[in-house]
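Only one structure is covered here, and it is reproduced in the block below.
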There are 2 protein chains.
Amino acid sequence: MLNYSTSEENYIKAIFHLQQEDGTVTTNELAAELKTKPASVTDMMKKLKTKKLVHYEAYHGFRLSNEGKKLALIIIRRHRLWEFFLAEKLKFSWEEVHAVAEDLEHVSSKKLIDKLDEFLGFPRFDPHGDPIPDANGRIETSKQVCLTELPLNKTAIVCHVSDQSSEMLEVLGHKNIMIGTRLEVKKRFDFDNSLEIKTGKQAATTISDQLARNIYVKTA
Amino acid sequence: MLNYSTSEENYIKAIFHLQQEDGTVTTNELAAELKTKPASVTDMMKKLKTKKLVHYEAYHGFRLSNEGKKLALIIIRRHRLWEFFLAEKLKFSWEEVHAVAEDLEHVSSKKLIDKLDEFLGFPRFDPHGDPIPDANGRIETSKQVCLTELPLNKTAIVCHVSDQSSEMLEVLGHKNIMIGTRLEVKKRFDFDNSLEIKTGKQAATTISDQLARNIYVKTA
DNA sequence: AAATATTTTTAGACAAACCTAAAAAGAATT
DNA sequence: AATTCTTTTTAGGTTTGTCTAAAAATATTT
């Protein structure tokens, strides 16, 4: 794997994110995303094409090649591992981690990132709930979200509880909810944001907003 | 404090190191240090002069201004804290830390570095024994060296023992050597690299090479 | 399908950081 | 003190990544 400039890496990352939704990405879209001008985007696309990181025909948009996708996943891996480090070890708040990780992600030592991963205990999600690609570039397809944000009737699996107090564990135990439990939100009551939950074949239970805020799930 | 480019930071750091010995630094010296050409150095010196980081008159060498020194200490702080992190937390070897820290040192968030410092327990020396400037830019004047490298008859203070085994502590206890002990090396025997040590008013003792390798001191 | 509007690309400039080759300044030698 | 040698600076050029303004291609509207 060759070495790429900070600028090239930022383009690759932005294309990756945009093409998740769009499939193919346009010059104006990318210019807006990167806060640069369309002319600059065209220049860069020509370069990334000669480096075989994107497929690109003039006037017809672009998308990442397989090489480009691999690179994008490496950069996203670096970014999310640093975010995890900042939040978990340095006690940065949730909102602060992104900006600093934007700089750290361009330090390109593979060994650094793999050792950092190990040091952190191979975390699977960053502090925003986004999945972290592994050393081979494999990434989980679903984002980890708070139970309060899970759409109705969408099956999901509990993967994290942020408050481990015995009081909390008591309620969870009573309701038969634990890491790995498969569940769906059947109803959301606007009055107090409480949720009606269905787990497996059991009868439905109601969960308070306060409890739901501490439960994180990923869609199956 | 403004923001400086990676290149500017590398020049500032190099001038700092060179002027430790020389007082004032010449164009050729700096070009050699940075593996660049003299003409490039002149270009950069003009720029750093307008930014008031160096004192510079054409044909008469240069040295850092107070602003420049402050910046140099910030960069050195970042570098050495990252080196410590890499060695201590990520288990990089001694020889590997420098190259990676060369990249990490240019990430300029002050908050990042101060939180990293705290996370690491405010270490005072990097893995090579060089002192780490504190958050205010204050730095110890002496380098930490292995007892095997201490010049004869130079008073030094024990500040670290790398092997904490009970066997090791037994010898040290018996010889009345502990953290903070003031000592001098009186003689070095070439045959087995053993050392004759004088501590305070006590009679001299002899220390094996094996023991000396685990004792680190700084000159008072 | 022709006219108009939008998007994208080209053409030409600029700043940062580097380079080579030539000129100028300073140091060393006779 | 004049000459030679070395160091440093200037002058002009390159690459990377950006920009503006104009031209070309595509899309949309009538």
Side-chain angles (χ1 to χ4, degrees), chain A residues 2-15 18-19 21-64 68 71-72 75 102-103 105-108, chain B residues 2-15 18-19 21-64 68 71-72 75 102-103 105-108:
Chain A
L2 270 94
N3 234 60
Y4 300 99
S5 74
T6 294
S7 201
E8 290 170 328
E9 290 190 351
N10 284 335
Y11 274 91
I12 292 294
K13 199 173 47 140
I15 297 169
L18 290 175
Q19 79 178 20
E21 294 135 33
D22 291 47
T24 147
V25 182
T26 70
T27 305
N28 271 356
E29 271 175 357
L30 189 48
E33 175 81 8
L34 291 171
K35 279 151 189 166
T36 183
K37 295 289 135 71
S40 308
V41 171
T42 301
D43 286 350
M44 184 58 92
M45 286 313 107
K46 284 190 204 155
K47 202 200 329 174
L48 295 182
K49 186 187 178 180
T50 70
K51 295 195 177 186
K52 299 196 188 287
L53 294 171
V54 299
H55 297 295
Y56 164 57
E57 286 310 323
Y59 294 102
H60 292 84
F62 27 82
R63 49 181 220 291
L64 295 179
L71 177 57
I75 301 162
E102 284 290 297
D103 287 337
E105 74 185 5
H106 300 295
V107 175
S108 64
Chain B
L2 271 92
N3 233 58
Y4 300 99
S5 72
T6 294
S7 200
E8 290 170 329
E9 290 190 352
N10 284 335
Y11 274 90
I12 292 294
K13 199 174 49 141
I15 297 169
L18 289 174
Q19 79 178 20
E21 294 137 31
D22 291 49
T24 150
V25 182
T26 70
T27 304
N28 271 356
E29 270 174 357
L30 189 48
E33 176 80 8
L34 291 171
K35 282 153 187 163
T36 182
K37 295 288 136 68
S40 307
V41 171
T42 301
D43 286 350
M44 183 59 91
M45 287 312 108
K46 284 189 202 156
K47 201 200 331 175
L48 295 182
K49 186 188 179 180
T50 70
K51 296 196 177 187
K52 298 197 187 287
L53 294 171
V54 299
H55 298 294
Y56 164 57
E57 286 309 322
Y59 294 103
H60 291 85
F62 27 81
R63 49 182 220 291
L64 295 179
L71 176 57
I75 301 162
E102 284 291 297
D103 287 337
E105 74 184 5
H106 300 294
V107 176
S108 64

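When reading the values below, keep in mind they use all heavy atoms of this one structure, side chains included, and skip hydrogens, waters and symmetry mates.
- Across all non-hydrogen atoms, the minimal contact from B:Ala31 to B:Pro38 is CB-N, 3.7 Å.
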Which protein N or O atoms sit under 3.5 Å from an N or O of nucleotides 14-16 of chain D?
none

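- The distance from atom CE of A:Met45 to atom P of D:dT18 is 10 Å, rounded to the nearest whole Å.
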What's touching nucleotides 2-5 of chain C from the protein side, N or O pairs under 3.5 Å?
none

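- Residues in residues 51-63 of chain A take part in these salt bridge (Lys or Arg N to Asp or Glu O under 4.0 Å) pairs, two or more places apart or across chains: A:Glu8-A:Lys51, A:Lys49-A:Glu57.
- The list of ring pair (Phe, Tyr, Trp, His ring centres under 6.0 Å) pairs with a residue in residues 39-59 of chain A, not counting sequence neighbours, reads A:Tyr56-A:Phe62.
- For residues 31-53 of chain A, the set of pairs meeting the ring pair (Phe, Tyr, Trp, His ring centres under 6.0 Å) definition, not counting sequence neighbours, is empty.
- Listed for the A:Glu9 side chain is no donor-acceptor partner under 3.5 Å among the backbone atoms of A:Ile75.
- The ring pair (Phe, Tyr, Trp, His ring centres under 6.0 Å) check on B:Tyr4 picks up nothing, with sequence neighbours excluded.
- Among residues two or more places apart in sequence or in another chain, the side-chain contact (heavy atoms from CB on, under 4.5 Å) test is passed with B:Thr6 by B:Asn10, B:His106.
- Across all non-hydrogen atoms, the minimal contact from B:Ala72 to B:Leu64 is CB-CD1, 4.1 Å.
- The residue A:Phe62 sits apart from the nucleic acid: no heavy atom pair falls under 4.0 Å.
- You'll find that the side chain of A:Thr36 is closest to D:dT18, out of D:dT10, D:dT18, D:dT9.
- Residues A:Leu30 and A:Leu18 share a closest heavy-atom pair of CA-CD1, 3.9 Å.
- Across the protein-nucleic acid pair, A:Met44 atom CE and C:dT8 atom C1' stand 17 Å apart, rounded to whole Å.
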Atom pairs, protein N/O to nucleotides 20-29 of chain C N/O, distance under 3.5 Å:
{"unit_1": "C:dA25", "atom_1": "O4'", "unit_2": "B:Tyr59", "atom_2": "OH", "d": "3.4"}

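- Counting only residues at least two apart or on different chains, no salt bridge (Lys or Arg N to Asp or Glu O under 4.0 Å) pair has a member in residues 29-44 of chain A.
- Heavy-atom distances under 4.0 Å link DNA chain C to A:Thr26, A:Thr27, A:Asn28 of residues 21-35 of chain A, given in residue order.
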Task: Intermediate values then yes/no, side chain to side chain contact (heavy atoms under 4.5 Å, CB included), B:Ile15 and B:Met45 - done: CA-CA 11 Å; B:Ile15 297 169; B:Met45 287 312 108; 3.9 Å; yes

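- Listed by chain and residue number, A:Asn3, A:Arg78 satisfy the side-chain contact (heavy atoms from CB on, under 4.5 Å) test with A:Ser108 (two or more places apart in sequence, or in another chain).
- Between B:Asn3 atom CG and C:dA16 atom P the separation is 14 Å, expressed in whole Å.
- Two residues, A:Thr6 and B:Val41, neighbour DNA chain D, and the one matched to the more 5' nucleotide by heavy-atom proximity is B:Val41.
- With sequence neighbours left out, the ring pair (Phe, Tyr, Trp, His ring centres under 6.0 Å) criterion links B:Tyr11 to no other residue.
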